[in-house]
Amino acid sequence: MAGPDPAVAAVRLAVRRALADVLDGRTAGPVLVACSGGADSLALLVATVFELRGSGVRTVGVTVDHGLQPGSAEHATQVVAQMAALGVDETLSARVHVEGGGQGPEAAAREARYAVLEEVAQHFSASVVLLGHTLDDQAETVLLGLARGSGGRSIAGMRTAFDVFRRPLLEVTRAETVAACAAEGIQVWDDPHNTDPAYTRSRVRHAVMPVLERELGPGVARALARTATQLQADVAELDRQAAAAHARLDGADGLAVSELEQLSDAIRLRVLRLAALGAGALPADLTHGHLRSVDALVGDWRGQVGVDLPGHVRAVRRDGRLAFVRAPGTV
Ligand SMILES: Nc1ncnc2c1ncn2[C@@H]1O[C@H](COP(=O)(O)OP(=O)(O)OP(=O)(O)O)[C@@H](O)[C@H]1O
């Protein structure tokens, strides 16, 4: 008897690896699959149902309705019906209210989505929430990070696992998820955002990556994703060292400049970032440039009073210490 289609087999293997602890009975609680109705998350869902069959672990399919487009509620209803037809034990549609705030609608929708997925995970006492990001999503993330001039954390791309979330398909291509769905006769939804040139990610996907693949060879996406994997271990280690240094140096009246001077550049800049965030600086707006200016208070101090940071935080040097305080006039 012929085995499963190669794409189906690739997706199942990735899911099996990601759920090794669940399949071994080392974690309790159902597995949640976040499903948008696109090929990536449907391939993920159907492979999860397959792998957990007979294990006694329940699967819950969750779709999030961001309420941003007309017809989004009908779409969510269709995804729920499709998830049920594909054999998940329980389905749920979670409607979120997306507030614009200072960020764009994409970022606001993402924030609302992750928050509601966490709530749903708690409600079901789920052991994990699976997300369907693919190798191509990872490659695009690395490229976008490079193009922004970001640091290691950004170029290290998306993590395989964080908090309750896991991304089993980071080594599976988008084409494989599409092929897996086709092989299983699953109808997929094409998110119109994904082809809308108004979005940078869409332009990277449809205009930039094809040129790179043509001019540099067909392995570019895989190579970019590999860059992320390699950097992730390095970034995690630097972050670990910086957290330890920050915990050691952080005193009631700030950080001692003499001790900061002993740290390597890589660790010191991370410690400064942690201290700034601890005082309320906004992570999304805190740039490398800000940190360099704060660092000048340590290594290139010419009596400058302080450095203002996004989030109404000010870094100030006084009496041989660097303190992060609320900027005057803010509460
Ligand atoms: N509306 C949704 N409902 C449930 N899950 C979703 C929804 N949208 C996205 N997801 C989950 O996120 C994964 C990635 O989707 P997509 O690439 O469209 O999101 P993104 O906005 O680019 O990613 P992210 O914002 O998470 O970095 C999907 O495979 C799915 O698991």
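As the structure lists them, so they are numbered: ligands from 1, and atoms in each ligand from 1.
- A salt bridge does not link Arg174 to Asp40: none of the charged nitrogens lies less than 4.0 Å from a carboxylate oxygen.
- Nearest to atom 14 (C) of ligand 1 among the protein's heavy atoms is His133 NE2, 3.2 Å.
- Within the 4.0 Å heavy-atom criterion, neither part of Ala109 lies near ligand 1.
- For atom 23 (O) of ligand 1, the nearest protein heavy atom is under 4.0 Å away.
- In summary, the atoms of ligand 1 found under 4.0 Å from a heavy atom of Asp40, numbered by their order in the structure, are 29 (O).
- If you check which protein heavy atom lies closest to atom 28 (C) of ligand 1, you get Gly132 N, 3.8 Å.
- Distances shorter than 4.0 angstrom do not occur between any heavy atom of Met158 and any atom of ligand 1.
- Arg58 has a carboxylate O that lies under 4.0 Å from a charged side-chain N of Glu90, or vice versa, which qualifies the two as a salt bridge.
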From CA spacing to verdict: salt bridge (charged side-chain N to carboxylate O under 4.0 Å, His left out), Asp21, Arg166: CA-CA 12 Å; Asp21 55 344; Arg166 292 188 194 174; 2.8 Å; yes

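- Checked by distance only, ligand 1 and Arg113 come closer than 3.5 Å through their nitrogen or oxygen atoms.
- Considering both main-chain and side-chain atoms, Tyr114 comes within under 3.5 Å of ligand 1 through a nitrogen or oxygen pair.
- Checking Arg113 against His66 by side-chain atom types alone, a donor-acceptor pair falls below 3.5 Å.
- Remark: side-chain polar atoms of Gln82 are paired, donor with acceptor, to backbone N or O of Gln187 under 3.5 angstrom.
- For the pair Ala34 and ligand 1, the shortest N or O to N or O distance falls below 3.5 Å.
- With hydrogens left out, the protein atom closest to atom 1 (N) of ligand 1 is Val64 O, 2.9 Å, a heavy atom.
- Ion pairing between a basic and an acidic side chain is recognised when a charged N comes within 4.0 Å of a carboxylate O; Asp319 and Arg321 show no such pairing.
- Considering backbone and side-chain N/O atoms, Val62 never comes within less than 3.5 Å of an N/O atom of ligand 1.
- When heavy-atom distances to ligand 1 are checked against a 4.0 Å cut-off, Glu106 has no atom that comes that close, whether in backbone or side chain.
- Geometrically, ligand 1 and Arg110 share a nitrogen or oxygen pair separated by less than 3.5 Å.
- Set against the non-hydrogen atoms of Thr63, the atoms of ligand 1 under 4.0 Å away are 3 (N), 4 (C).
- Counting only heavy atoms, the protein gets under 4.0 Å from atom 5 (N) of ligand 1.
- No side-chain donor from either of Thr173 and Arg222 sits under 3.5 Å from a side-chain acceptor of the other.
- In terms of N/O distances under 3.5 Å, ligand 1 is not approached by Asn194.
- Side-chain N or O atoms of Ser150 include one that pairs as donor or acceptor with a backbone N or O of Gly145 at under 3.5 Å.
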